[in-house]
Structure formats: C-alpha cells, structure tokens
Amino acid sequence: MYRLLKQDGNAKRGELHTVHGVIQTPVFMNVGTVAAIKGAVSAEDLRQIGTQVELSNTYHLHVRPGDHIIRQLGGLHKFMDWDRPILTDSGGFQVFSLAKLRKIQEEGVYFNSHIDGKKIFMGPEESMRIQSNLGSTIAMAFDECPPSKAERGYVQKSVDRTVRWLERCKKEMKRLNGLPDTVNPHQMLFGINQGAIYEDIRIEQAKRIAQMDLDGYAVGGLAVGESHEEMYRILDVTVPHLPKEKPTYLMGVGTPANILEAVERGVDFFDCVYPSRNGRHGHVYTSHGKLNLFNAKYELDDRPIEEGCQCPTCRRHTRAYIRHLLKAKEMLGMRLCVLHNLYFYNHLMEEIRDAIDAGRYQEFKKRKLEGFEGK
RNA sequence: GGAUGGUUUCCCGAGUGGCCAAAGGGGACAGACUGUAAAUCUGCUGGCAACGCCUUCGGUGGUUCGAAUCCACCACCAUCCA
C-alpha cells in the first residue's frame, strides 16, 4: 500500500508498504540484474550503503540460473540474502536492448538467448510466472520498450499491444498470487506507460492504464536516445495522468540531474545502471560533478572522492589509491567506486526526501544542480 | 680469443631496396555508456607554421635516383666453444 505523505509542488514524498518492509520515496533502486550488483557488491554491502530496494531482471534470471532453480531454493530474497524489497523488471527492456535477438508477436516475444542462442518464448503470462517464481516484492508488467525515434504508426501499434499485455499480466498475477504454494502471495504489479515521444499517445495510454487499479505506474521508454528536454516534456504531460496516490516510477533514469528534474514532476521511483556501470569504469559522482579516476590528474591526489562523504570508500581511501587499483585492473578499484556511487545516489534520495519534508524542494534542487555543473 | 644470432618508434615485436612515420600487441592518454549481451566499447600515441615538410629503425661512413632494409668498420647484447 502506498501512502502519499506530502507534496511540495508536484514533488511527492511517500511510503510504499510491502511484505518486505516500507520503502521511503522518492527512492533510487540499486540495479543488480542477475541477482548481484556488478562490481563485487554483496547484499551485506547494500545494507551498509543505504539501499532500500534491489532490482533484478526476469529475462536474465530466467536464462541463468533459471527461475525454477531460484524458486526451489526458496525465492530470490533467500537466494541472494536480501530480505528487503526487490523489484523485478519484466524482460520488457530486453525486447529493446536485445532487439537483434528477438521477434515480437501478439502472444509475446521470441528471443534467441544471448548466452547460447537457445529459443526462449516470453509473453505476459510467462513473465508473470517467472517473477512469481522469483517471489519479488514488485513485478513489472511485460511491455515493449520502443526506441525513442520509432515512427508514430509503429509506436501506436506497439502501445496498444502493451496495454493488451498489461491486462493479461494483471489477470495472470491475480491467479498466481492465489495459488497455495506461491513464493510471495502479496506480489505487487506495476503497469508501464509507453508512447515514445508522442505526447498524445503517452497521455491516452496513461489514462487507459490509470483505470486498471494497479499497485504502481511506471513511465518506460525514456532515456533511450531522446534529449533531456524531450524526456522532461514527456514527463510534464504524462505524469499528471497517472494516479498520484500510487507510486510513479521512471524506468532506467538516470543522472542525478535527471532524477532531480523528474522528482519535481512527480516521479518517486528510479533505477539506473549509471552508478554501478560508471563506477566499474572509474567514473565517480560528487556534489561538484563527476570525476574520471582514470585521469592522470589524480595520480597524486590524496583526498577522498568527496570530502565529508560517509561512504565506506571515502572514509578510508584516497583518489590516488583508487586510481592505482583501477589502472592495475584490481577488482577492488571497481568495487570501491561502485560502493561510493550507490551510496551517493542513495544519499541524494535521502536529501531529496528531507527537502520535500521541509517544503524546500525547489531551492534544494536549484542548489544541487548548480553544484553538479561546478558552479 | 673464436663462432653464431641480434640491436626498429614508451615497451615487446613485424618489416630485408620505393606502396614506411613504419603491421600487430602492450602500456600511456582521452572519450562514451540512462528498466546492464558492458570489469565493455571508441579514439589517440615522433614533431610542426600539418592535405605538405622535418626528424626517427645501435653509431659512423659508403653503394643507389631512392636505405629500417645492401656494403664496410665500430659499439653493445645473447648463446655456444676455448
């Protein structure tokens, strides 16, 4: 159950009560696609850096190790030693990212496994069954994420199909939650808004799914090639048509600046691979912008990544040491960067919540953005 | 002391008369990445007043229209024989 605690402008401050605990929003979910945050980060680490929700992926866990394996081992929470909320993405993003390895039909999507080429069929029912086997806290509806520059005719067709798939997802989820041996009988379902950058398609689709009484609503298909301005414009026109007494999730976004802008427009759930992937690539976030620790200028820099940062990395290590580890290809270098970045994001969300609580979000956002731009 | 092989751009290493500022790899330097096919990928790596010029393939001298490539001597390295 979602509780809208406070609004500051359009910015929402809320709580999502789940069987795995309460999620304070706005929240950034930490992405661990294959039941692990890449960069040698454990569930124990997540507890120490303020992670509220871990995100894993239906397609990837179905391919390896297999959702039936995870189910037999007691579900995803037990499998990865994480007892707090988990959101599973439905496989819809893989329809986009693995476009060369799949074929879309009305009944669902035929993939060729990116691991061994094996044929995999995934439709709405299959995605729900896999997510039910995983026992995640929140399941995402199975959608198609069309590229931002897809032509209008195709987008309309795709969006209509995604809505039909959503109806099938809802029906199947209800059935699965009612079975006697379901891993998590209280699994929630979030629907997904699509429509590329066509405002009218987005709005019309948002109105349709808003009536379906889902546990939450996501905006998908953004940050897939369009400009930031286009993304904000789509949020401006779409979010008002999604129920504000339900969680609003902007999928796959984004940079700290993207998040600040989207919170202002009423979004309160986020996820993105940036902090983990950039961390592995030596790019770390600070309140004054991003640093590339591979750069020669950090060779003798004995400061932490960010002065005053309370993350496990900044408490003990210098930029020069981390740069050395990265250059030497030591796994610890990546790990320290990922831990810092996830802490940075989690902490940013905490500050965002405090700012909304205090009714000073506008001012807070302005100050943060100026910092990121080095002002 | 003798024999043989070798010395190439930051490193390893290809190149044995022109298509060579010189393959390939490494390293260095820089960039990209937004519901993760990503510990990945891309660019760049002699100098400059730069579609051209200059310097560079151990050193010096020579042959040739033309040399990293051929010849002579010298230096150094490696292995083997005394």
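Quick note on labels: first sequence line is chain A, next is B, and so on, each numbered from 1. Excluded from the calculations below are hydrogen atoms, water molecules and symmetry mates; all remaining heavy atoms, backbone and side chain alike, are included.
Under 3.5 Å, the side chain of A:H228 and the base of B:U34 form at least one donor-acceptor pair of N or O atoms. No N or O donor and acceptor, one from the side chain of A:E54 and one from the base of B:G35, sit under 3.5 Å apart.
Both thresholds, 5.5 Å between centres and 30° between ring planes, are met by A:H281 relative to the base of B:U40, so the two rings are stacked.
For B:A68 and B:G59, the C1' atoms lie 14 Å apart once the distance is rounded to whole Å. Comparing B:G46 with B:C11, their C1' atoms are spaced 16 Å from each other, to the whole Å. B:G61 and B:U45: their C1' atoms are spaced 34 Å apart (whole Å). The P atoms of B:G1 and B:A28 are separated by 44 Å, rounded to the nearest whole Å. Comparing B:C10 with B:A78, their P atoms sit 23 Å apart, to the nearest whole Å. Taking atom P on both nucleotides, B:C65 is separated from B:A50 by 34 Å, rounded to a whole Å. B:G47 and B:A37: their C1' atoms are spaced 43 Å apart (whole Å). Nucleotides B:U34 and B:A39, compared at atom P, are 13 Å apart to the nearest Å.
Residues passing the salt bridge (Lys or Arg N to Asp or Glu O under 4.0 Å) test with A:E144, sequence neighbours excluded: A:R161. Every salt bridge (Lys or Arg N to Asp or Glu O under 4.0 Å) that A:K365 has, sequence neighbours left out, goes to A:E261, A:E264. The salt bridge (Lys or Arg N to Asp or Glu O under 4.0 Å) check on A:R319 picks up A:D301, with sequence neighbours excluded.
Using a cut-off of 4.0 Å between Lys/Arg side-chain N and Asp/Glu carboxylate O, A:D357 and A:R13 are scored as salt-bridged. A salt bridge links A:R164 to A:E106: one of the charged nitrogens lies within less than 4.0 Å of a carboxylate oxygen. Classification of A:R64 and A:D116 as a salt-bridged pair fails, no side-chain N sitting under 4.0 Å from a carboxylate O.
Contacts of A:Q194 with the nucleic acid, taken as non-hydrogen atoms under 4.0 Å apart, include base atoms. Across all strands shown, A:N278 has heavy atoms under 4.0 Å from base atoms, whether or not it also approaches the sugar-phosphate. Among the heavy atoms of the strands lying under 4.0 Å from A:F294 are primed sugar atoms or P, OP1, OP2 only; no base atom is included. Here A:N292 lies in heavy-atom contact (under 4.0 Å) with sugar-phosphate atoms only. Within 4.0 Å (heavy atoms only), A:I115 reaches no atom of the nucleic acid at all.
B:C51 adopts a syn glycosidic conformation, its chi angle falling within 90° of 0.
Remark: B:A22 base-pairs with no nucleotide in the shown strands. Criterion, Watson-Crick or G-U wobble with two distances under 3.5 Å. Nucleotide B:A38 is matched to nothing when pairs are restricted to Watson-Crick or G-U wobble geometry with both distances under 3.5 angstrom. Of all nucleotides present, none satisfies the Watson-Crick or G-U wobble test against B:U55 with each distance under 3.5 Å. When both pairing distances are held under 3.5 Å, B:A78 makes a Watson-Crick or G-U pair with B:U4.
One can place CZ of A:R323 at 8 Å from P of B:A28, the figure rounded to the nearest angstrom. Atom P of nucleotide B:U34 and atom CG of A:N30 are separated by 18 Å, given to the nearest angstrom.
With hydrogens and angles left out, the side-chain atoms of A:H62 and A:D67 include a donor and acceptor closer than 3.5 Å. Inspection of the A:N112 and A:R102 side chains reveals no N or O donor paired with an N or O acceptor under 3.5 Å. For the residue pair A:E54 / A:N30, no side-chain donor-acceptor distance below 3.5 Å is found, with atom types taken as modelled. Between A:Y2 and A:D268, the side chains place a donor N or O and an acceptor N or O closer than 3.5 Å (distance only, hydrogens not considered). In this structure, a donor-acceptor pair under 3.5 Å is absent between the side chains of A:T162 and A:D143. In the model, A:D8 has no side-chain atom that pairs as donor or acceptor with a side-chain atom of A:Q362 under 3.5 Å.
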Between the protein and nucleotides 24-27 of chain B, which nitrogen or oxygen pairs come in under 3.5 angstrom?
unit_1 : atom_1 : unit_2 : atom_2 : d
B:G27  : OP1    : A:K329 : NZ     : 3.3

Please list each protein N or O that sits under 3.5 Å from an N or O in nucleotides 44-46 of chain B, with the distance.
none

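In the set B:A32, B:G35, B:A39, B:A32 carries the atom at the smallest distance from any side-chain atom of A:H283.
Sequence order on RNA chain B of the closest nucleotides to A:E299 and A:V273 puts A:E299 first from the 5' end.
Taking the side chain as every heavy atom from C-beta outward, A:F344 and A:P256 approach each other to under 4.5 Å.
Of the residues in residues 123-152 of chain A, A:D143, A:C145 come within less than 4.0 Å of RNA chain B through at least one heavy atom, sorted by number.
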